[in-house]
Each structure stands twice: as C-alpha cells, then as structure tokens.
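Inspection log for the structure reproduced underneath, given as structure tokens.
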Amino acid sequence: MDQFKGQPRLPKFAVPKRYDLRLTPDLVACTFTGTVAIDLDVVADTRFIVLNAADLSVNDASVSFTPRSSSQALAAPKVSLFEEDEILVLEFAEILPHGVGVLQLAFNGILNDKMKGFYKSSYEHNGEKKNMAVTQFEPADARRCFPCWDEPACKATFKITVEVPSDLVALSNMPVVEEKVNGNVKIVSYQESPIMSTYLVAIVVGLFDYVEDHTSDGIKVRVYCQVGKADQGKFALHVGAKTLDLFKEYFAVPYPLPKIDMIAIPDFAAGAMENYGLVTYRETALLYDEQHSAASNKQRVATVVAHELAHQWFGNLVTMEWWTHLWLNEGFATWVSYLATDSLFPEWKIWTQFLDESTEGLRLDGLEESHPIEVEVNHASEIDEIFDAISYRKGASVIRMLQSYLGAEVFQKSLAAYVKRHAYSNAKTEDLWTALEEGSGEPVNKLMSSWTKQKGYPVVSAKLKDGKLELEQSRFLSSGAPGEGQWIVPVTLCCGSYDVRKNFLLESKSGAYDIKELLGCSVGDGTCSWIKINVDQAGFYRVKYDDSLAAGLRKATESQSLTAIDRYGILDDSFALSMARQQSLASLLTLISAYKKELDYTVLSNLIVISYKVVKIAADANLELMSGIKQFFIGVFQLAAGKLGWDPKQGESHLDAMLRGEVLTALAAFGHDETLKEAIRRFDAFLADRNTSLLPPDLRRAAYVAVMQRANKSDKSGYESLLRVYRETDLSQEKTRILGSLACCPDPSIVQDVLNFVLSDEVRNQDAVYGLSGVSWEGREVAWKWLQEKWEFIEKTWGSGFLLTRFISAVVSPFASFEKAKEVEEYFATRSKPSMARTLKQSIEKVHINANWVESIKKEDNLTQLVAHLSSN
C-alpha cells in the first residue's frame, strides 16, 4: 500500500463516471452521515482502488465493489485511510475485472468550523442563533465531505439527495426533482448534473429568502440571502441575469444548466465560489443596501458576480486539467468580468480601474519569491497559496495584453472555438494558445510562453541618443537586484499626441530605432514634446525613461496632455523604480507634484496608496521628514478635495462618489486639521441618528479614520463609539468598513486593544484579517509582539486555510529593517509549514526591500530642502 503515499496525483486504474451521493447533516450536533455509490470504469489490472478522503470515518463493512458483469459484490478486506496523503486505499482479495462496476461506501464526518469541506456557518433568526450547512470544495476539499476522485480532470455526473429538517431550504447544483416530507424531516432529490469536477459540487442547507428573475432565454436566476435581507439581493440579481445573457453571446454557447442560484453565506473564507449552478458568496460580495452600502461596494458586487458567472463557462464547462493551469480559470474570469461590467456600466470606466489589477500583479511579480503563472503543484496543500495576484491579476493582465495585440474580434471568435472544442472536458494552457493561433495566424504559443512559463516581467529602459530611441529589457525586481529572463515584449509608443501610434515586438535584449523613420518626427522640434511607451498600459511591464524623456512626460502630465491610463502608468512605474533604488525618492516626489490638478478617480486612488507608503518609508529613513511629506501630500490632494466637497452632488458620477471618500480618508490619515474636525462633527451627528444625511456610506470610512486618529489611551471615547456602531449593525459591509479603520490609530496601546478585539467572538473568523489591514506605522511593533503571543491560537483557528497567510503578510511586510527580517525568520524557523512557506518568504523579502530603500533614502542629500520647497508650494 505504501506505493500510493506521497504521490501528487491519484493512480489511474479506475475512472469515476457517476456519483450517487446521499447526505444527512445534523445541524444541532454539527455532524453528518452519508453514502455514495460510484460508477467506476476499471481500466487496468489492479487489486486496489485509490481515491481521496480526509477527516471522514469510513464504515469498513460498507465497502463493496460490484462489477456490472456479475451480481456478486466483492468486499474489501483491507480499508486504509492515510490522513497525510488524504487518500483512502481499498484492497481487494483478487484482481478486479475490467469494465464498469459500482463502488459503495458509507461514511460520517463533522460539520467543521474551518470554512472548507462540509462546514457550519452561524446566523441569527428571530434573535436565536442557528447553524446552516455549507460546502466549499475548491481546491481540494470535496474529499472532506465524501470519498471521491478529487482532481479537476476526474469529471463525472452527480445525482445528489439530502435528508434535512423540513422547515429549511436545501439547495444544490441542480433543480429539485422530488421532495418527500415525512413529519419534521424531508428527503430532497436533485436532477442529475452534467459531467463536472468534484470541486464544483455544492450543497447549502438553512433558512433563506430569495428574489427571482429570468434571462432572456428563460433560465431561472435567484439570489438567496438571510431572512429579511431579500431587497439587498436585487442589484446582484439584475447584474446576474444581464451577465448570463452577455456571456451566452460572447462565448457563443448557451448557459448549460436549467437554473443559477447565487447565495450569501455569513461565514465564507474567500470572496465567492463559482459552484456550477449554485454560486456561494460572502455577504459583502453579493448584497447591496441602497441606504448603507458605498459606491465601492456596488462595484465590488458587480465585478464579483460577473467573475463567478464567467466561470460557468471558463472553469465549469471547460475545466483546467490540473492546478498548474489554475490561472486559466482565474486570470480569464478576472479579465472577462471587466468586459461584462463595462458593458453594463460604461460610466464606471472600469477598464481604467483594471490598472489596479495589473499593479497588484506587478507588485507581487517584482519579488524574487514570485512564481510563474503556470506553477508546478506537487501536493494538495500547495494549491491554496497560488490563489494569488499572479494567477488572478497577472493572469488577467497578460490576457488583456494578448487581446490588445490580436484584436478584440479575433480574440473573441477564437475563445468561442476553444469553449466549444473543450466543453464538458479539460484543457491546458497550450489548448487555449492553439485556438488563438488558429484564429489569428499569430505564433501565440511562442509569444506567450515567456509570460506564463517564467516568473517576473521586464523593465524596458528607454533613452534618446542622436535621433535614435534605444530600448533595452531586463527583469525588473523590486529589490533592485539584476534578474534573469527575456521576454517577447509588445512595445507600443506615441509621440507628442495619440494620432500616430507605433507597435512592434521587442524580441531581443535591446534595439535601436530611428525616431524619424519610426514616427515621422524628431523629438524636441515642438511637434514631439514627449514619447510615451506602453500606451494604455496594455503590456505587463514597466518603463524606465532617461532624464530628458522623463522631463517631457512630467510636463505632459502637468498639462494633462496624456490619458488618465498613461498618467497612472508613469506614476506607478516611477514609484516602483524608486522602491527598487533605480531612481531617487526626490525624483518621485518631483513627478508627484505634477499631479496637483489630477481629478481622475483611478489615478488619484493609486496616488493615495503610494502616498501612504512613501510617508511611512520616509519616516523610517528620517523621522523629521514625516510632517513635511504629509503636508506635501495634503497639498497635492487639496484641489480634488475642494472640488468634491463633503456632500454628494445631485447626479454626480459613481467615480466621484468613490473618490470623495478616498481623498477625505487620506487627508484624515495625514492629520489635516479641517478634515479631522469636519469628519468628527459628522460622525457625532451619525451617532445621534444612523440615517443622517451628513454621513452617507461613501464618507463613513473617512470619518472612522478621523475618529481613530484622535483616539488615545486617555481618551478612548471615539474608539468606544465606533465599537458600538460595529455591534449594532447587521450589515457585513459596515462591519468590515469599521474593522478596516480601527488599527490606524497612532497610539500603540489602542492598536493592542484593537488586535485583541479582532480575535474575540465578536469578529467572525472570515473578517479578522480586515482588522490587521490598516495597522498604523506606530503600531507595527505591537502587532508583531501580538502575533507571536497569539500565534498558537491563530494557527489553531486559521491554520487549515489560506487566511492564515494574510496574518503573516499584514503584520510582517510593513517593517523596514534587516534586524526585524532576521527576527521574523528566526521566529518562524520552527513554526513554518508548506501552506504558508511562500507567503513567509515573500513577506521577509518585502522587509529587505523596504530596508534597502530606507538606506538609500538616507543617502539622498537635498531631500529635506526639496520636501520643504514642495510642501510650501
């Protein structure tokens, strides 16, 4: 039996074709029992059947295999469960006959509180606490609910039956075919599913309300939520029905199931899960409350719903062959969710906001400890960590890069061909490239391999010399270290205006191009005052300009001659290059001063993120710089703050509503006196009346941050008032908004209180990480001590899922000294485990990057004078 241990994949002796699964959850005792009959095709000589199972007790006497060729059931004398490998090995007395037979097993398990497998989630109904039963099987947790071949390529059909209390709603992937009520218990049977992977099977049992609609071709769409919250499902319902229609056209294949349910779950580890026909969500990603949700919440609901529904084709109908190709699912669904959202809400300018996805991808992929898009997975425990910004965001960005290179129409037609060809089966990355190659005639496989098979991305250095534009590519690393690698880079450039745009591929390490031949102009003759490379930021790379090119772009930014997307790109590349010590902080600050007239939401939003980071890193280098740099940023945001004001304007755009909150939050965080006073005045009005028009949802975060800026050990009243608001609201979005603001307090003793509160019963396990997200610069040390003190408890509570990694990255990454990196390394030397190893290495690398940046800022001569000059202008 030992030959089956330590293998990344199951042996292929037997192939599952159909599961007949029956489950009986007990919502009071939090246990479940079940039976499964699996139609198997035995395809090789074997005495063994090996499948996945974990955290289950299998009744040995119940195990039998009945070949179709005989009515004789064969018992398995030896049944062994290997917990470490999560496999169940059944040994039979003789070699099993080839062909189809039925494997039968009975088992039982616990409805766990780990938000994976078959688990319990709690909710209140009429003031009474109740449990619901929920499944979450991706990536590899169906095996915690029933023994199965728990690999994406082992597709089968599923016939599911559940036995539950008769007053509850019981949902699964398919519609109900029969419901038999027997007193206070009912047996619910569902239609058999089409062929699908185990990780997409879903069952939810609890008390729910719903709202309902239909797509244009009659598919029933429902949004389920807690009793009394049905109205909050209407926005997602509208988006869902419209999106299904849109994807039917885009993929040229109708939605394959008779219904789709989307359901809000109170305890949910991820954002949402695309189970076939029954999509599960965190409440914050599905529910929208007209009165208490912010504009950013509305946008989040739309993009998440579009993302999950895209998976019904890309992921569910066509499934990745193995987790190495996870990015096909996630990168693609991320990219296409923007396509759908843009079609429904063009006024949101969502493709400009897509830059936030690219930037997250670029930030993670700038680390030595990144990984390629296509990553080897050797054990189930490694899968969780690749649900990250590489698979989702870099994945989506390279798809956008390829689509902009091939053209939208060719891209869409080839995709439709790919979905048709691989429907109801599995595909690898190469299969997508083949379809795109056939449709476009371009060597897609060759173009894309450099982006998916090696980690990292290039920085293209551009300089002007004797009328020639010289370009050179090298791997960009945030550490500033030289890196290996070469890419096929789609270069796009404009000169002086967007009328002439040149595209070419940089396939070698470097190239020199005659400007006159290339663009028909010469730089510096008045017509061509600037050159912008990577137009619209369509390419997944950074650009480093020489001083004269950079000066031209700075002027073009100030005069707003560039598009918002390009203004964003110049800023973000400059920030990254400054962090990598390839240009000075002084040059970054000088560039930022050209953004004082900026009013675009996406550009300012990124500038705000950058400003938080710059203030902290500058303070680490020289505490005397802190107040000057804060003054400088307050000055940069002044125009936008003045224009937007505090009160929403009639008919203003969704983007202005989001921007107002972010700009005021930044001014509060930087201690701008007028903003703090006004925010606290409005917060006091809100305490007196939760429906006051003085503090609409878009402004609340700014007010909460202001309150916490003023809170301290001797005056905790503001902090206590915020906790009261937290306790009184039942809206998840409000709770997470408060949690995300509490730890920004500059008083470390309050930060300590906040962190302890985060681990209390008052905060759901899924939400604890929000409380760590905004720890103040002054509170870092307290947070690190707290993490060590509470590690055993944290590890026990979150250790089995991916949320544990969020604790490490949130607490460790903000530090900026080599000593601290060493201390963290030593602490975790005996405490690390495979599922957190990658995150730990990445976090320590970030501390090294910060520490090197601090050292380099210390050596900048005239920084103090420059900051004084910039902040007074």
Side-chain angles (χ1 to χ4, degrees), residues 158 169 171-177 190-196 200-202 204 208-225 229-264 271-281 285-288 298-319 329 332-346 348 350 412-413 415-420 422-424:
F158 290 83
V169 175
L171 303 171
S172 185
N173 307 80
M174 300 296 288
V176 174
V177 273
Y190 304 93
Q191 269 178 40
E192 188 161 331
S193 76
I195 179 172
M196 61 190 260
L200 295 166
V201 172
V204 179
F208 300 100
D209 277 346
Y210 67 86
V211 283
E212 179 178 301
D213 198 357
H214 290 82
T215 63
S216 59
D217 50 358
I219 303 274
K220 189 188 284 181
V221 185
R222 284 183 176 179
V223 173
Y224 283 87
C225 42
K229 290 188 177 182
D231 277 355
Q232 295 176 25
K234 285 179 175 166
F235 176 66
L237 183 69
H238 162 75
V239 172
K242 288 270 182 286
T243 303
L244 284 177
D245 282 338
L246 192 128
F247 287 151
K248 183 184 88 175
E249 296 299 312
Y250 191 79
F251 296 119
V253 171
Y255 172 69
L257 303 187
K259 61 95 178 172
I260 183 120
D261 297 325
M262 304 194 283
I263 184 163
M273 175 61 213
E274 69 268 20
N275 313 302
Y276 225 172
L278 175 57
V279 184
T280 47
Y281 294 80
L286 189 69
L287 305 184
Y288 175 75
K298 187 175 196 173
Q299 185 174 301
R300 166 106 177 121
V301 169
T303 53
V304 176
V305 167
H307 177 109
E308 301 310 325
L309 296 186
H311 276 310
Q312 305 302 309
W313 284 263
F314 230 89
N316 301 10
L317 183 61
V318 181
T319 310
N329 273 14
F332 192 84
T334 301
W335 176 80
V336 86
S337 70
Y338 279 77
L339 193 87
T341 306
D342 186 52
S343 167
L344 295 181
F345 305 102
W348 291 1
I350 201 85
Q412 187 250 322
K413 286 205 168 90
L415 271 182
Y418 164 84
V419 171
K420 255 197 190 70
H422 299 284
Y424 301 105

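Numbering of residues begins at 1 and proceeds along the displayed sequence.
The two residues His307 and Ser337 have their closest heavy-atom pair at N-CB, 3.5 Å. The two residues Tyr190 and Met174 come nearest to each other via the heavy atoms CD2-O, 3.3 Å. Nearest heavy-atom pair across Ser193 and Met196 is OG-SD, 3.5 Å. Of all heavy-atom pairs spanning Pro194 and Leu257, the tightest one is CG-CD2, 3.3 Å. Minimum heavy-atom separation, Val305 to Ala285: CG2-O, 4.5 Å.
For Gln412, the side-chain hydrogen bond (donor to acceptor under 3.5 Å, both in side chains) criterion is met by no residue, not counting sequence neighbours. Every residue meeting the ring-ring contact (aromatic ring centres under 6.0 Å, His included) condition with Phe158, not counting sequence neighbours, appears here in chain and number order: Tyr19. Applying the salt bridge (charged side-chain N to carboxylate O under 4.0 Å, His left out) test to Lys413 and every residue at least two apart in sequence or in another chain returns Glu409. Scanning for side-chain hydrogen bond (donor to acceptor under 3.5 Å, both in side chains) contacts around Glu274 gives an empty result, with sequence neighbours left out. Lys242 meets the side-chain contact (heavy atoms from CB on, under 4.5 Å) test with His238, Leu344; sequence neighbours excluded. Under the side-chain contact (heavy atoms from CB on, under 4.5 Å) criterion, Ala264 pairs with Cys225, Glu283, Leu286, Leu287, not counting sequence neighbours. Partners of Phe251 under the ring-ring contact (aromatic ring centres under 6.0 Å, His included) rule, at least two apart in sequence or in another chain, are Phe247, Trp313. Lys234 is linked by a side-chain hydrogen bond (donor to acceptor under 3.5 Å, both in side chains) to Asp231, counting only residues two or more places apart in sequence or in another chain. Among residues two or more places apart in sequence or in another chain, the side-chain contact (heavy atoms from CB on, under 4.5 Å) test is passed with Thr341 by Ala302, Thr303, Ala306, Phe345, Trp348, Ile350. By the side-chain contact (heavy atoms from CB on, under 4.5 Å) test, Ala252 is found to be paired with Ala416, Lys420, residues two or more places apart in sequence or in another chain being considered. Every residue two or more places apart in sequence or in another chain was checked for a side-chain hydrogen bond (donor to acceptor under 3.5 Å, both in side chains) with Asp209, and none qualifies.
Taking 4.5 Å as the limit, every side-chain heavy atom of Tyr255 sits out of range of all side-chain heavy atoms of Thr215. The shortest distance between side-chain heavy atoms of Phe314 and Leu415 falls below 4.5 Å. Between Val201 and Tyr276 the shortest side-chain heavy-atom distance does not fall below 4.5 Å. No side-chain heavy atom of Lys298 sits under 4.5 Å from any side-chain heavy atom of Arg300. Residues Leu200 and Met273 have side chains in contact (heavy-atom distance under 4.5 Å, counting atoms from C-beta outward). Residues Gln232 and Tyr288 have side chains not in contact (no heavy-atom distance under 4.5 Å, counting atoms from C-beta outward). A heavy-atom distance below 4.5 Å is not found between the side chains of Ile263 and Val279. A heavy-atom distance below 4.5 Å is not found between the side chains of Val223 and Glu212.
In this structure, Asn275 CG and His311 NE2 are separated by 10.5 Å, a value rounded to the nearest 0.5 Å. Expressed to the nearest 0.5 Å, how far OG1 of Thr243 lies from OH of Tyr250 amounts to 14.5 Å. Residue Leu339 holds its CG atom at 8.0 Å from CZ of Phe332, rounded to the nearest 0.5 Å. A distance of 10.5 Å separates CG of Asp213 from CG of Leu244, quoted to the nearest 0.5 Å. Taking CG from Leu278 and CD1 from Ile260, the interatomic distance works out to 8.5 Å, rounded to the nearest 0.5 Å. If you take OH on Tyr424 and CG on Asn316, they are separated by 11.0 Å, rounding to the nearest 0.5 Å.
Identified under the salt bridge (Lys or Arg N to Asp or Glu O under 4.0 Å) test for residues 243-263, with sequence neighbours left out: Asp217-Lys248, Lys259-Asp261.
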Next on the checklist: What verdict does the side chain to side chain contact (heavy atoms under 4.5 Å, CB included) test give for Met262 and Tyr224, after you've listed the backbone C-alpha separation in whole Å, the side-chain angles of each residue and the deciding distance to 0.1 Å?
Outcome noted: CA-CA 6 Å; Met262 304 194 283; Tyr224 283 87; over 6 Å; no
